[in-house]
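What follows is a set of notes on a single structure, which appears directly below.
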2 protein chains.
Amino acid sequence: MRIGELAARAGTTTRTLRYYESRGLLPARRDELGHRAYDERDLRALQQIRTLQHFGFELEETRPFVECLRAGHPEGDSCPASLAVYRRKLDELDALIGELAAVREKVAGQLTRAERARDELAAEALVPGGPEPVCELGGRER
Amino acid sequence: MRIGELAARAGTTTRTLRYYESRGLLPARRDELGHRAYDERDLRALQQIRTLQHFGFELEETRPFVECLRAGHPEGDSCPASLAVYRRKLDELDALIGELAAVREKVAGQLTRAERARDELAAEALVPGGPEPVCELGGRER
DNA sequence: GCTTGCCCTGACGTCGGCGTCAACCCGTAC
DNA sequence: GTACGGGTTGACGCCGACGTCAGGGCAAGC
C-alpha cells in the first residue's frame, strides 16, 4: 500500500503521513522507487493515532500506543505506558473542565449583573425628566 | 503615565501594551519626546482587557468592552455589543464543556476496558502453563 | 510525444499573543 | 565622559499540526 491509499483509507492526507514519519511516529519502508510502503499494521497504528487525536491527545501522547502496537500487542492500550497516558489525560480533562465551569459561572454572573444594571438605568430614565441617552454601540440586540 | 508604569500597574509588560496598540485596541497619546502617554482611563481599559483575557476571551472579543469604556460608559459591559459577547462566550463554553465531558467519559471507558483486559490476561497466565510474557513497555506503573 | 496521476523533497505559511533581540535615542546621576 | 534606566521601531522566534506551494521524477495510457 502506498501513501495515497493509506491516507484515503484512514481519512487523512498524505501530508499528515509524511509529517508523522518526520516525527518518527509512523516510519515507512520504501519500495524500489523510493515510494513509501505501508501494510495493514500501519493502518491500525494510524487509526489509533487518529482516534486519540480526535480525543484531543497531542501527537507525542499517542506515541506509547503506537509503540505498543508495534511491539505486537493486540491493542495500543495493552501497555502500562498507554494506561499512564490515559490517566494523565483524565486528570488534565478534569482540571480543564473544572476551570472552564468556574469561568462559565463567572461570565454568567457578569452577564446577569450587567443586564440588571442596564435595566435599572432604563427604569430610571422613564421616571424623572426625559429619557437619557443609552448606549448605541452594538446596534439593536439580535 | 508612561508605558513602563502602566504595564507595572496592570501587571503586564510593555511589549504587551505595544502589541495592543498595534492591534488598535489601546491607542496611546504621545508626549513631546514621542513616548506613549497613558491616563487612568487607559488603566481601566487595560484591566478590562486583562480580566477578559483571563477568562479565555480572545483579544478581538475584548474590543467591544474597551470601546464601550472609551465611549464614556461606567463599565465595559454597559453596551449591548459587550452583552452579546458574553452570551456568545457562554454558548461557546457550554459547548466546549459538553464536548470535553463526553471525551472524558470515552477516555475513562477506554481506561477501564484496557485495565480489565490486562487483568484478565494476567489471570489467564496464572492458570494453564507458565506465565506468558506481558508487556514491558512503560516500566513499572507509578 | 504528451498528458495524467501518483510519488518525492524542501521550505515557507498559518494562527494568537506575545518574548526576545538589535540598534538607536534621551535625560539624569556619578 | 560614561554608565544607567527609561523610551523608540523593526523584525524574527515560538508553539502544534499540518496546508500549500515549488520543482522534479517515474509509469501508464492515448
Side-chain angles (χ1 to χ4, degrees), chain A residues 1-39 42 45-66 85 88-89 92-93 96 100 103, chain B residues 1-39 42 45-66 85 88-89 92-93 96 100 103:
Chain A
M1 181 170 24
R2 290 191 302 177
I3 192 170
E5 185 182 344
L6 178 59
R9 288 180 65 182
T12 183
T13 68
T14 60
R15 176 68 180 95
T16 296
L17 298 189
R18 292 197 188 97
Y19 177 65
Y20 290 171
E21 182 175 17
S22 81
R23 305 274 81 196
L25 197 60
L26 197 66
R29 273 73 48 196
R30 299 301 178 115
D31 65 15
E32 67 284 353
L33 283 172
H35 292 181
R36 290 168 179 82
Y38 299 93
D39 58 23
D42 293 315
L46 180 52
Q47 287 167 338
Q48 174 77 81
I49 295 171
R50 297 261 96 196
T51 300
L52 295 175
Q53 281 266 93
H54 183 240
F55 285 167
F57 285 52
E58 291 178 12
L59 215 45
E60 273 313 307
E61 296 179 316
T62 72
R63 194 179 293 273
F65 296 80
V66 176
V85 174
R88 207 154 45 72
K89 209 64 190 179
E92 282 179 30
L93 281 168
L96 182 55
L100 288 178
V103 166
Chain B
M1 180 170 24
R2 292 190 301 176
I3 193 169
E5 186 182 345
L6 178 58
R9 286 180 66 183
T12 181
T13 69
T14 60
R15 176 66 180 96
T16 296
L17 298 188
R18 294 197 187 96
Y19 177 64
Y20 289 173
E21 183 175 16
S22 79
R23 306 273 80 198
L25 196 60
L26 197 67
R29 272 74 47 197
R30 299 303 179 114
D31 66 14
E32 66 284 353
L33 284 172
H35 292 182
R36 290 170 179 80
Y38 300 93
D39 59 22
D42 293 316
L46 181 51
Q47 287 168 337
Q48 174 77 85
I49 295 170
R50 298 261 98 197
T51 301
L52 295 176
Q53 281 266 93
H54 182 239
F55 285 168
F57 286 51
E58 292 177 12
L59 259 190
E60 274 312 306
E61 296 179 317
T62 73
R63 195 179 293 273
F65 295 81
V66 176
V85 174
R88 207 155 44 73
K89 209 64 190 178
E92 282 179 31
L93 282 168
L96 182 55
L100 288 177
V103 166

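Because only heavy atoms are used, hydrogens play no part in the values below, and waters and symmetry mates are left out as well, while side chains stay in. Lettering follows sequence order; numbering is per chain, from 1.
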In whole angstrom, give the distance that lies between atom CE of A:Met1 and atom C1' of C:dC7. 16 Å
Distance in angstrom units between A:Glu58 CD and D:dC18 C1', rounded: 14 Å
Atom-pair distance (CZ on A:Arg30; C1' on D:dC26), nearest Å: 15 Å
Could you check whether B:Arg18 pairs with B:Glu21 (Lys NZ or Arg NE/NH1/NH2 to Asp/Glu carboxylate O, under 4.0 Å)? no
Hey, is the side chain of A:Tyr20 poking within less than 4.0 Å of OP1 or OP2 on D:dC18, counting only N and O atoms? yes
Out of D:dT9, C:dG19, D:dG7, minimum distance to the side chain of B:Thr13 belongs to C:dG19
Calculate the interatomic distance between A:Leu59 atom CG and D:dC18 atom P; express it in whole Å. 6 Å
If the cut-off is 4.0 Å, is A:Gln53 near the phosphate of D:dC18, judged by side-chain N/O to OP1 or OP2? yes
For D:dA17 and A:Arg23 - does any side-chain N or O of the residue sit under 4.0 Å from the phosphate oxygens OP1/OP2? no
Between B:Glu21 (CD) and D:dG10 (P), how many Å, whole number? 12 Å
Please report the distance, rounded to the nearest Å, between OH in B:Tyr19 and C1' in C:dG16. 6 Å
Checking all strands, does B:Arg18 fall into the base, sugar-phosphate, or nothing category for heavy-atom contacts under 4.0 angstrom? base
For the residue pair B:Met1 and B:Asp39, establish whether any side-chain heavy-atom pair is separated by less than 4.5 Å. no
Rounded interatomic separation in angstrom, taking CG from B:Leu52 and C1' from C:dG16: 16 Å
Does A:Thr16 have a side-chain nitrogen or oxygen under 4.0 Å from the phosphate oxygens OP1 or OP2 of D:dG19? yes
Send over the distance from A:Asp31 CG to C:dC6 C1', rounded to a whole Å. 12 Å
Minimum-distance nucleotide to B:His35 side chain [options: C:dC8, D:dG7, D:dA17]: D:dG7
Answer yes or no: side-chain N or O of A:Arg15 and base N or O of D:dG19 forming a donor-acceptor pair under 3.5 Å. yes
Would you say A:Arg50 places a side-chain N or O within less than 4.0 Å of OP1 or OP2 belonging to D:dA17? no
Applying ring-ring contact (aromatic ring centres under 6.0 Å, His included), which residue pairs with at least one partner in residues 46-66 of chain B are found, sequence neighbours left out? B:Phe65-B:Tyr86
Is the phosphate of C:dC6, meaning OP1 or OP2, less than 4.0 Å from a side-chain N or O of A:Arg2? no
Scanning both residues in full, the closest heavy-atom pair of A:Ala37 with A:Asp42 reads O-OD2, 4.4 Å
Minimum heavy-atom distance between A:Arg63 and A:Arg23, given as atom pair plus value: NH2-O, 2.9 Å
